[in-house]
J.: 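Mind looking over this structure? Questions follow.
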Amino acid sequence: MSSRSEQLFERAQQRIPGGVNSPVRAFRSVGGTPRFFAAGDGARVRDVDGLSYIDYVGSWGPLILGHAHPEVVAAVQQAALRGLSFGAPTAGEVEIAELLCELLPSLEMVRLVSSGTEATMSAIRLARGFTGRDLLIKFEGCYHGHSDSLLVKAGSGMLTFGNPSSSGVPADFVRHTLVLDYNDSIGLAAAFAEHGPRIAAVIVEAVAGNMNLIAPQPAFLQNLRELCSRHSAVLIFDEVMSGFRVGAQGAQGLYGIIPDLTTLGKVIGGGMPVGAFGGKREIMSRIAPLGPVYQAGTLSGNPVAVAAGLATLRLLQAEGFYESLAQRTRQLTDGLSAAAGKHGVPFSAQAIGGMFGLYFRSECPQSYAEVMECDTQAFNRFFHAMLDAGHYFAPSAFEAGFVSAAHSESDVATTIAAAEAVFRAW
Ligand SMILES: *Cc1c(COP(=O)(O)O)cnc(C)c1O
């Protein structure tokens, strides 16, 4: 007898490429059948076979309050009763724009979109329009959504232009994107020395969460800020993941760096499709209808999505919210590290706010190359053993994990105990 997840996956693959609407969900790197989820409540999700899991994915970051938070759900229900979409301005959009600008001091103006991909794509167009330059710098291993000019991997040598990392992206498009190593201040300085007057923007995950989790070296972010200022390039912090996740003011607050533009998504929609980009008024004023840079969206600022985002952002303002989230996340990473250490498994882990990285490697990696040295087979074994025990981690060794405010001390202790049993039998 196959499980309902297996039956659904079978059906899904007939009509949906790979059976999924976003590739990592297909469990290709860990093997096995993805779980189809039926419901979520707080820290837990339940699959279609009735199995329950403590969830450390949280829809890949948005669910910082856990699944189906009653106040967020109520806000969505009330908004839905008033109408699903108008394609005309609503009060909620003004409220969330004001709140975002109040919470993130680098934002003077902000525009809403419906995904992180749209936010970064639009921010880059804006930076190019603002500077009148074409060249974009990104860093290997950072992900900024799936628009053409960002699906680039490093070329064969330093300071060479990137190659498309996806079929279907013309090589001509990525000729304008330079790919450098994360945390490599020397490479960065060399790129500016060679191409400075042509660089429109640098886009960076100020905490990198798409190659597992890599902490920025503070000097790297400072160098970025200085070089962009000196060469009049736009510094874009892609905080789609880190925004309102690593701290109350995202990575920019944590490291005290003020970017020119910031992109947001995930948490600011509370589980609904919301993205945003914002920053200096001088730059944001170049967007249509104020300026010549075109950007638009039929469902941008959708009232139901905005209601979820507003309710979420307001709940994050509770006294001590980020302190206790960070503490709970550290409880997890410290506990997992201790459990692995006790049984001699090469493993390390780190937490930044409500985000964490687990590495099958004895030290936390600081670069893309070091992340690539992690033992993926060991991860896959850990992943499946934990899944069987009712703990849902991201189905890839190269994804960050997320703890929510709904995870209790005892939820995390349960996960650590399960991991210890896995490491004992390693
Ligand atoms: C998730 C993510 C994106 C893309 O957001 P989507 O909503 O999936 O389009 C962009 N940048 C970063 C840093 C992300 O983590």
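Residue indices begin at 1 and follow the sequence shown. As the structure lists them, so they are numbered: ligands from 1, and atoms in each ligand from 1. Heavy atoms only: backbone and side chains are in, while hydrogens, waters and symmetry mates are out. Remember, predicted model here, so these are calculated numbers, not experimental data.
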J.: Below 3.5 angstrom, do we get any N/O pair linking Thr120 and ligand 1?
T.: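 No, Thr120 has no N/O under 3.5 Å of an N/O on ligand 1.
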J.: Heavy atom under 4.0 Å from ligand 1: found in Thr263's side chain, backbone, both, or neither?
T.: neither
J.: Atom 3 (C) of ligand 1: which protein heavy atom is closest, and how many Å away?
T.: Val240 CG1, 3.7 Å
J.: Taking all heavy atoms of Gln249 and all of Leu103, pick out the closest pair and write down the distance.
T.: CG-O, 3.4 Å
J.: What distance separates Phe356 CZ from Asn212 CG, expressed to the nearest 0.5 Å?
T.: 9.0 Å
J.: Please work out, at 4.0 Å between heavy atoms, whether the side chain, the backbone, both, or neither of His144 comes within that distance of ligand 1.
T.: backbone
J.: Which ligand 1 atoms, with their elements, are less than 4.0 angstrom from a heavy-atom of Glu205?
T.: 13 (C)
J.: Nearest heavy atom to atom 14 (C) of ligand 1: which of Lys266, Glu239, Arg245 does it belong to?
T.: Lys266
J.: State plainly whether the residues Glu95 and Arg314 are in salt-bridge range, i.e. N to O under 4.0 Å.
T.: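 Answer for the salt bridge query: yes.
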J.: To which protein heavy atom is atom 4 (C) of ligand 1 closest, and what is the distance rounded to 0.1 Å?
T.: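 Here the nearest protein heavy atom works out to Thr117 N, 3.7 Å.
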J.: Does atom 8 (O) of ligand 1 have a protein heavy-atom neighbour under 4.0 Å away?
T.: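 It does not; no protein heavy atom is within 4.0 Å.
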J.: Looking at Phe9 versus Phe27, is the centre-to-centre ring distance below 6.0 Å?
T.: no
J.: From Asn183 CG over to Ile214 CD1, what is the distance, rounded to the nearest 0.5 angstrom?
T.: 7.5 Å
J.: Side chains of Phe402 and Val267: does their closest heavy-atom pair fall under 4.5 Å?
T.: no
J.: Which atoms of ligand 1 sit under 4.0 Å from any heavy atom of Ser115?
T.: 7 (O), 9 (O)
J.: Which ligand 1 atoms are under 4.0 Å away from a heavy-atom of Gly116?
T.: 4 (C), 5 (O), 6 (P), 7 (O), 9 (O)
J.: So if I apply the side chain to side chain donor-acceptor pair (under 3.5 Å) rule between Asp55 and each of His67, Arg44, His391, which one comes out positive?
T.: His67
J.: Please determine whether a side-chain nitrogen of the Lys or Arg among Asp49 and Arg4 lies less than 4.0 Å from a carboxylate oxygen of the Asp or Glu.
T.: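 No salt bridge links Asp49 with Arg4.
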J.: Within the 4.0 Å heavy-atom shell around Asp238, which atoms of ligand 1 are there?
T.: 10 (C), 11 (N), 12 (C), 13 (C)
